[in-house]
Amino acid sequence: MTAAAMGEAAAPAGEGAGEGRAPSLRRWIETIWHIEGAVPLAPGQTPDDAFDRLMPLFRHTGTTVQQQGDTLTFHKTDPAAQDPLAVFDRGVLEARTTDAAPVLHYRLVSRILLLCFLAPLLFLAFAQATVLVGKLEAPSAEAAKKKAEKKQIQLPQNAIDKALGAPAPDAPKKDKKPDDDKKPKPTAAYVFAGIFAFLYVAGRFLEAWRVRKAFAKRLAGDLSGD
């Protein structure tokens, strides 16, 4: 095989590998605000039966549902607080019954989780900006302090004291707060970043657990939570 032929054969392989990495990276990034999972279906349970059992979860204000065969999609607009799936804006559910073990796969999207993930990054940026501003202001504050120290207030001295050689009275000292108290501090930004980071981590795992539990209960026919 010639070198040109070898180059032609290697090019498609390289392109395929690159295309494979891109979807993998995109899928990994999407896990930030996407929740995926699967719930086993009962033997013989059809997609229509499974979706009929799940339908009460979608009968809430602002929710639109569409079913096509073994796939159900939903979208939410301004969901109510009592909606059990209010955290999610849209989702796709697939009832796969052709395999040996029938299962319901779902993929849900939540903008709230995305905002909770981005908020700590925003507050950390504010904190770094505050630190940078403090560093930029430090030289000018130090220069102003030195200038104030040079400009001492000379109080008038009694003529008799001056004739006797008594030293001039010192200027009264003012209670000044430390310069560090006047500098902008990033503490508040760090606190808010920590709060939103906690909300994201807790919400990411809690909502994944809650939605799987809700689907499993409905598919098993458990109506105790209704």
Side-chain angles (χ1 to χ4, degrees), residues 22-42 45-97 102-127 129 188-226:
S24 298
L25 177 61
R26 177 181 177 183
R27 194 171 187 84
W28 182 84
I29 294 175
E30 286 180 347
T31 57
I32 294 172
W33 71 98
H34 289 61
I35 289 181
E36 297 184 56
V39 179
L41 298 175
Q45 194 172 40
T46 64
D48 289 337
D49 182 31
F51 293 144
D52 286 343
R53 290 171 179 261
L54 294 174
M55 196 55 64
L57 295 174
F58 303 103
R59 291 182 185 142
H60 291 273
T61 304
T63 303
T64 58
V65 182
Q66 183 178 7
Q67 179 185 348
Q68 291 183 344
D70 61 355
T71 303
L72 181 146
T73 59
F74 73 89
H75 293 78
K76 290 184 178 293
T77 304
D78 297 328
Q82 61 270 23
D83 188 339
L85 302 178
V87 174
F88 304 102
D89 303 284
R90 64 182 187 276
V92 178
L93 290 75
E94 294 180 326
R96 302 177 184 175
T97 58
V103 65
L104 175 77
H105 289 272
Y106 55 88
R107 181 177 176 85
L108 313 179
V109 182
S110 173
R111 285 182 297 180
I112 294 178
L113 287 178
L114 178 60
L115 293 176
C116 287
F117 177 83
L118 295 177
L121 304 180
L122 178 62
F123 282 109
L124 288 177
F126 286 155
Y190 286 132
V191 170
F192 280 108
I195 291 174
F196 278 100
F198 173 79
L199 289 176
Y200 172 76
V201 174
R204 181 66 177 77
F205 290 99
L206 178 61
E207 291 302 327
W209 174 80
R210 287 182 67 252
V211 72
R212 190 181 191 284
K213 181 181 178 181
F215 287 165
K217 287 180 63 176
R218 294 296 316 182
L219 291 172
D222 185 355
L223 308 182
S224 59
D226 295 347

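Each residue takes its place number in the sequence, starting with 1. The figures here come from the full heavy-atom set of this structure, side chains too, leaving out hydrogens, waters and symmetry mates.
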Applying ring pair (Phe, Tyr, Trp, His ring centres under 6.0 Å) to F51 and not counting sequence neighbours gives none
What I'd like to find out is whether the side chain of R212 reaches to under 4.5 Å of the side chain of V39, using heavy atoms alone. yes
Are any non-hydrogen side-chain atoms of L85 and V211 less than 4.5 angstrom apart? yes
Are any of the side-chain heavy atoms of P56 and R218 separated by less than 4.5 Å? yes
Which residues pass the salt bridge (Lys or Arg N to Asp or Glu O under 4.0 Å) test with E94, sequence neighbours left out? R96
Return the set of residues passing salt bridge (Lys or Arg N to Asp or Glu O under 4.0 Å) with R90 (not counting sequence neighbours), or none when no residue passes. none
Does any N or O in the side chain of Q67 come within less than 3.5 Å of the main-chain N or O of G69, such that one atom is a donor and the other an acceptor? yes
Ignoring hydrogens and angles, write down the donor-acceptor pairs under 3.5 Å from the side chains of residues 57-64, residues two or more places apart or on other chains.
residue : atom : partner : partner atom : Å
T63     : OG1  : H60     : O            : 3.4
T63     : OG1  : K76     : NZ           : 2.7

Closest non-hydrogen atoms of L41 and A50, given as atom of the first, atom of the second and distance, are CD2-CB, 4.0 Å
About how many Å separate NZ of K213 and NZ of K217, when rounded to the nearest 0.5 Å? 5.5 Å
V92 versus H105: any side-chain heavy-atom pair under 4.5 Å? no
Ignoring hydrogens, what is the shortest heavy-atom contact between L219 and Q45? Give both atom names and the distance. O-NE2, 3.4 Å
Using atom types as modelled and distance alone, determine if a side-chain donor or acceptor of R107 lies under 3.5 Å from a backbone N or O of L93. no
N/O donor-acceptor pairs under 3.5 Å from side chains in residues 108-125, not counting sequence neighbours:
residue : atom : partner : partner atom : Å
S110    : OG   : V87     : O            : 2.8
S110    : OG   : I112    : N            : 3.4
S110    : OG   : L113    : N            : 3.3
R111    : NE   : D89     : OD1          : 3.2
R111    : NH2  : D89     : OD1          : 3.2

Yes or no on side chain to side chain contact (heavy atoms under 4.5 Å, CB included) for T46 and T97, after CA distance, side-chain angles and deciding distance? CA-CA 7 Å; T46 64; T97 58; 5.8 Å; no
Exceeds 12 heavy-atom contacts within 6.0 angstrom, atom OH of Y106: yes
List for me each residue that meets salt bridge (Lys or Arg N to Asp or Glu O under 4.0 Å) alongside D70, sequence neighbours excluded, and say none if there are none. none
Given E207 and R210, is the salt bridge (Lys or Arg N to Asp or Glu O under 4.0 Å) satisfied, shown in steps? CA-CA 5 Å; E207 291 302 327; R210 287 182 67 252; 2.9 Å; yes
